[in-house]
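Here is how names work: the chains are called A, B, and so on, in the same order as the sequence lines, proteins then strands, and each is numbered from 1. This is a predicted model, so every value here is computed, not measured.
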Amino acid sequence: MSVVRTRFAPSPTGFLHIGGARTALFSWLHARKHGGPFVLRIEDTDRERSTQASVNAILEGMTWLGLDYDEGPFYQTERFDRYREVIQSLLEQGKAYRCYCTREELEALREEQMRLGIKPRYDGRYRDHDGPPREGVEPVIRFRNPLDGNVVFDDQIRGRIAISNTELDDLIIARSDGTPTYNFTVVVDDIDMNISHVIRGDDHINNTPRQINIFRALGHEPPVFGHVPMILGDDGKRLSKRHGAMSVMDYHDLGFLPEAVLNYLVRLGWSYGDQEVFSVDEMIEKFDISDVNKAASTFNTEKLLWLNHQYIMTGDPQHVARYLSPHMGRAGIDPSDGPTLTDLVVGLRERARTLVEMAEKSRCFYQEFDQYDEKAASKNFKPEAKPVLESLHTALSAVSPWSGETLHQAVQDTAEALDLKLGKVAQPLRVAAVGGPISPSIDVTLELLGRERTLARIQRAIHWIEQRQASASDS
RNA sequence: GCUCCCUUCGUCUAGCGGUCAGGACGCGGCCCUCUCAAGGCUGAAACACGGGUUCAAUUCCCGUAGGGAGCGCCA
């Protein structure tokens with residue numbers, strides 16, 4: 001009856017990128033599925049590179065995605081006393097020792113080993129040192145790794161992984177300034193925070209055996225591990241902060257809905273039969289860490305766009321409208337000067353894959369356009385279009401109420417009265433209404449535009465045709 | 001160089017010894033149609049290679065090739 005507790009442990013050295021977000025998602029889903037807590041821990045022991053701004057950026061990204069945590073955030077820099085205490089006890093038990101090698105000596109050793117074609121590692125020269133401290137060298141503390149035997153663990157995603165202790169060297173657990181290092185703090189924290197399942201990127205697979213040895217030295221059985229594959233960029237290289245990875249907040253800026261990003265991310269490496277679309281509740285219900293794929297996958301923006309479009313089309317219009325709102329602002333559009341955002345979403349959702357696209361396509365409903373699309377105007381505003389537009393103006397002036405049905409009827413009646421196909425009437429009307437050849441169906445377009453704007457724009461088109469005729473006869 | 005990990009359409013994936021190798025994105029065609037979309041139907045498109053094991057391998061084992069990661073007083 002072991003309780004499931006998972007954690008996400010980013011180091012605050014930049015924004016939350018898409019790969020980290022997926023790791024967090026998998027870890028979060030595993031906790032949520034089993035009803036256990038999800039812990040957030042900030043691994044900031046590298047004081048040089050850690051910043052509060054990064055912490056904020058990570059929190060912001062998680063909040064936007066809806067990945068809420070139950071405990072934390074815990075900061076490793078606030079736990080230094082605890083680490084010191086554990087190191088001291090390891091030292092006393094002989095499970096760790098002081099090493100007086102200088103960086104230069106280590107560097108020389110590494111070079112020599114590389115030259116000989118063997119795996120560079122510490123040779124244990126101070127492992128059994130029992131003489132006096134070496135003068136002038138602040139020692140580091142190394143973990144006394146077992147010399148023989150294998151470390152074996154059953155990864156929830158990879159299956160059984162075994163590595164010989166002869167491959168492992170005595171890693172440094174405390175720097176010469178006394179601060180602890182990553183492989184050590186992780187273990188202490190996972191023990192203290194009672195983590196049952198460590199779900200992290202597979203770039204940590206190689207660290208796992210050494211961490212397992214530390215767990216045992218500390219008298220604890222290690223948690224269950226699950227190493228999720230990484231996400232590759234279009235070039236097949238691993239996505240990282242310094243290599244093509246985008247911040248999750250970039251996707252916000254690009255007009256994606258968080259549920260679409262989450263859905264895309266969960267399907268990258270995980271699947272449930274042929275299902276493509278998952279609500280968060282469905283993910284929690286159906287997700288199983290052992291179903292995660294082993295192979296790395298490539299990020300595909302086209303599919304994300306498709307998913308985003310699905311969510312825009314099928315989501316609650318009010319919900320979509322809320323997320324659309326900031327993008328209207330960015331596009332310099334005042335939403336109070338035209339249709340409601342909810343009506344706009346319903347009208348445009350089939351033809352906008354992102355909220356940015358939607359905002360852009362909505363502009364003509366709120367602002368006047370400068371000029372007509374050239375091709376569309378020359379094709380649809382020929383002299384014979386003038387009487388059509390005039391008839392439309394008359395017919396639409398009488399429409400009441402101004403609704404999709406009545407507008408559709410009016411346009412259709414006009415076409416019949418003029419003995420023209422609907423296209424011959426609707427298309428000039430469309431260009432008059434929005435300035436170009438593309439828009440939602442004509443009734444929806446006019447409804448969004450409103451009576452006043454519609455009639456004014458028909459007049460504007462009629463004038464345009466008259467002027468053009470006039471200048472044609474002048475010359 | 002050494003160690004570990006990975007390998008099904010272009011991409012994401014289903015498959016868990018016997019399938020016409022399925023779905024999705026994207027791409028092509030057709031239908032619908034007032035434009036553009038959306039939607040429907042449809043087409044092209046994959047088991048990296050070589051050995052085994054087996055009556056039978058995409059599936060199990062071993063190599064090879066390719067890719068990724070690690071080998072820090074970074075995390």
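- The base of C73(B) is not paired with the side chain of Thr181(A) by any donor and acceptor separated by under 3.5 Å.
- Distance Glu302(A) CD to C12(B) P: 14 Å, rounded to the nearest Å.
- Within the 3.5 Å criterion, the main-chain N or O of Ser50(A) finds no donor-acceptor partner in the side chain of Ser54(A).
- As rounded to the nearest Å, U58(B) and C16(B) have C1' atoms that lie 11 Å from one another.
- For the P atoms, the distance from C41(B) to U19(B) is 27 Å, rounded to whole Å.
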For this session: Output, in order, the C-alpha distance, side-chain angles, deciding distance and verdict of ring-ring contact (aromatic ring centres under 6.0 Å, His included) for Phe26(A) and Phe287(A).
Result: CA-CA 8 Å; Phe26(A) 284 174; Phe287(A) 183 78; 5.3 Å; yes

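- Whole-Å rounding puts the Leu168(A) CG to G70(B) P distance at 16 Å.
- For G39(B), the paired nucleotide is C31(B), the pair qualifying as Watson-Crick or G-U wobble because both relevant distances are below 3.5 Å.
- As rounded to whole Å, 12 Å separates atom P of G70(B) from atom NE2 of His227(A).
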Under 3.5 Å, which donor-acceptor pairs link side chains of residues 418-429 of chain A to any protein atom two or more places apart or in another chain?
unit_1	atom_1	unit_2	atom_2	d
Gln427(A)	OE1	Arg430(A)	NH1	2.7
Gln427(A)	NE2	Pro437(A)	O	3.2

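- Residue Gly117(A) is the one, among Ile172(A) and Gly117(A), whose nearest nucleotide of RNA chain B lies closer to the 5' end (criterion: closest heavy atom).
- For the pair Phe299(A) CZ and C25(B) P, the computed distance is 17 Å after rounding to whole Å.
- Between the side chain of Gln113(A) and the base of G1(B), no donor-acceptor pair of N or O atoms lies under 3.5 Å.
- Comparing the P positions of C62(B) and C6(B) gives an interatomic distance of 12 Å, to the nearest angstrom.
- The partner of C2(B) is G70(B), by the rule that a Watson-Crick or G-U pair needs both atom distances under 3.5 Å.
- Across all strands shown, the partner of C55(B) is G18(B), judged by Watson-Crick or G-U wobble contacts whose two distances both fall under 3.5 Å.
- Partner assigned to G26(B) is none, using Watson-Crick or G-U wobble distances below 3.5 angstrom.
- Counting non-hydrogen atoms of other residues, nucleotides and ligands closer than 6.0 Å to CZ of Arg82(A) gives a total above 12.
- Following rounding to the nearest Å, Lys294(A) (NZ) and U59(B) (P) show an atom-to-atom distance of 13 Å.
- Looking at Lys379(A) and Glu384(A), no side-chain N of the basic residue comes within less than 4.0 Å of a carboxylate O on the acidic one, giving no salt bridge.
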For this session: If a protein heavy atom is under 4.0 Å from the base, mark B; if only from the sugar-phosphate, S; if neither, -; do that for nucleotides 14-22 of chain B going 5' to 3'.
Result: S-------B

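- To the nearest angstrom, P of C73(B) lies 11 Å from OH of Tyr122(A).
- Comparing the C1' positions of C61(B) and G22(B) gives a spacing of 27 Å, expressed to the nearest Å.
- Note: NZ (Lys303(A)) to P (C27(B)) measures 14 Å, nearest angstrom.
- Lys119(A) has its NZ atom 15 Å from the P atom of G1(B), to the nearest Å.
- Within the structure, the salt bridge (Lys or Arg N to Asp or Glu O under 4.0 Å) test picks out no pair touching residues 439-451 of chain A (sequence neighbours left out).
- Look at Thr179(A) and you won't find any side-chain N or O under 4.0 angstrom from OP1 or OP2 of C73(B).
- With respect to Arg210(A) and Asp169(A), a salt bridge is recorded, a charged nitrogen being found less than 4.0 Å from a carboxylate O.
- Atom CD of Gln371(A) is surrounded by 12 or fewer heavy atoms from other residues, nucleotides or ligands within 6.0 Å.
- Among the atoms of the strands shown, base atoms are found under 4.0 Å from some heavy atom of Arg267(A).
- Residues from residues 98-112 of chain A lying near RNA chain B, meaning a heavy-atom separation below 4.0 Å, are Cys101(A), Arg103(A), Arg110(A) in numerical order.
- If you check residues 144-157 of chain A against RNA chain B, you find no residue with a heavy atom closer than 4.0 Å.
- Spacing of C1' atoms, C47(B) relative to U59(B), comes out at 10 Å, to the nearest Å.
- For U13(B), one of the phosphate oxygens OP1 or OP2 lies less than 4.0 angstrom from a side-chain nitrogen or oxygen of Ser297(A).
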Exercise. Tyr264(A) and Phe299(A): ring-ring contact (aromatic ring centres under 6.0 Å, His included), yes or no, with the steps?
Worked result: CA-CA 9 Å; Tyr264(A) 179 73; Phe299(A) 195 89; 5.0 Å; yes

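- Asp177(A) meets the salt bridge (Lys or Arg N to Asp or Glu O under 4.0 Å) test with no other residue; sequence neighbours excluded.
- A salt bridge links Arg158(A) and Asp202(A); the closest N-O separation between the charged side-chain nitrogens and carboxylate oxygens is under 4.0 Å.
- Applying the side-chain contact (heavy atoms from CB on, under 4.5 Å) rule to Pro73(A) yields the partners Leu40(A), Ile42(A), Tyr69(A), Tyr75(A); only residues at least two apart in sequence or on another chain are considered.
- Only Asn206(A), Asn207(A), listed by number, bring a heavy atom of residues 206-216 of chain A to less than 4.0 angstrom from any atom of RNA chain B.
- Between Lys361(A) and Glu357(A) a salt bridge is recorded (basic side-chain N to carboxylate O distance below 4.0 Å).
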Exercise. For every nucleotide of nucleotides 32-37 of chain B, 5' to 3': is a protein heavy atom under 4.0 Å from its base (B), only from its sugar-phosphate (S), or from neither (-)?
Worked result: --BBBB

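- Between G23(B) and G40(B), the two P atoms lie 14 Å apart (nearest whole Å).
- By the ring-ring contact (aromatic ring centres under 6.0 Å, His included) test, Tyr366(A) pairs with no residue at all, sequence neighbours left out.
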Could you run down the sub-3.5 Å N/O contacts of the protein with nucleotides 39-42 of chain B?
none

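- Nucleotide U7(B) forms a pair with A65(B), judged by Watson-Crick or G-U wobble geometry with both contacts under 3.5 Å.
- A donor-acceptor pair shorter than 3.5 Å can be found between the side chains of Asp413(A) and Gln409(A).
- With Thr454(A) contributing its side chain and Leu449(A) its backbone, the two residues share no donor-acceptor pair below 3.5 Å.
- Between Asp123(A) and Arg125(A), at least one side-chain nitrogen of the basic residue sits less than 4.0 Å from a carboxylate oxygen of the acidic one, meeting the salt-bridge criterion.
- Mapping Asp44(A) and Gln275(A) onto RNA chain B by nearest heavy atom places Gln275(A) at the nucleotide closer to the 5' end.
- Partners of Glu107(A) by salt bridge (Lys or Arg N to Asp or Glu O under 4.0 Å), not counting sequence neighbours, listed by chain and number: Arg110(A).
- The side chain of Thr45(A) contributes an N or O atom lying less than 4.0 Å from OP1 or OP2 of A75(B).
- With 3.5 Å as the limit, one finds a donor-acceptor pair spanning the side chains of Asp44(A) and Thr77(A).
- For His227(A) and His204(A), the gap between ring centers reaches or exceeds 6.0 Å.
- Spacing between C36(B) and C49(B) at atom P, rounded to whole Å, works out to 43 Å.
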For this session: Start with the C-alpha gap between Glu43(A) and Arg7(A), add the side-chain angles, then the distance that decides, and say whether salt bridge (charged side-chain N to carboxylate O under 4.0 Å, His left out) holds.
Result: CA-CA 12 Å; Glu43(A) 310 218 324; Arg7(A) 43 72 157 185; 5.4 Å; no

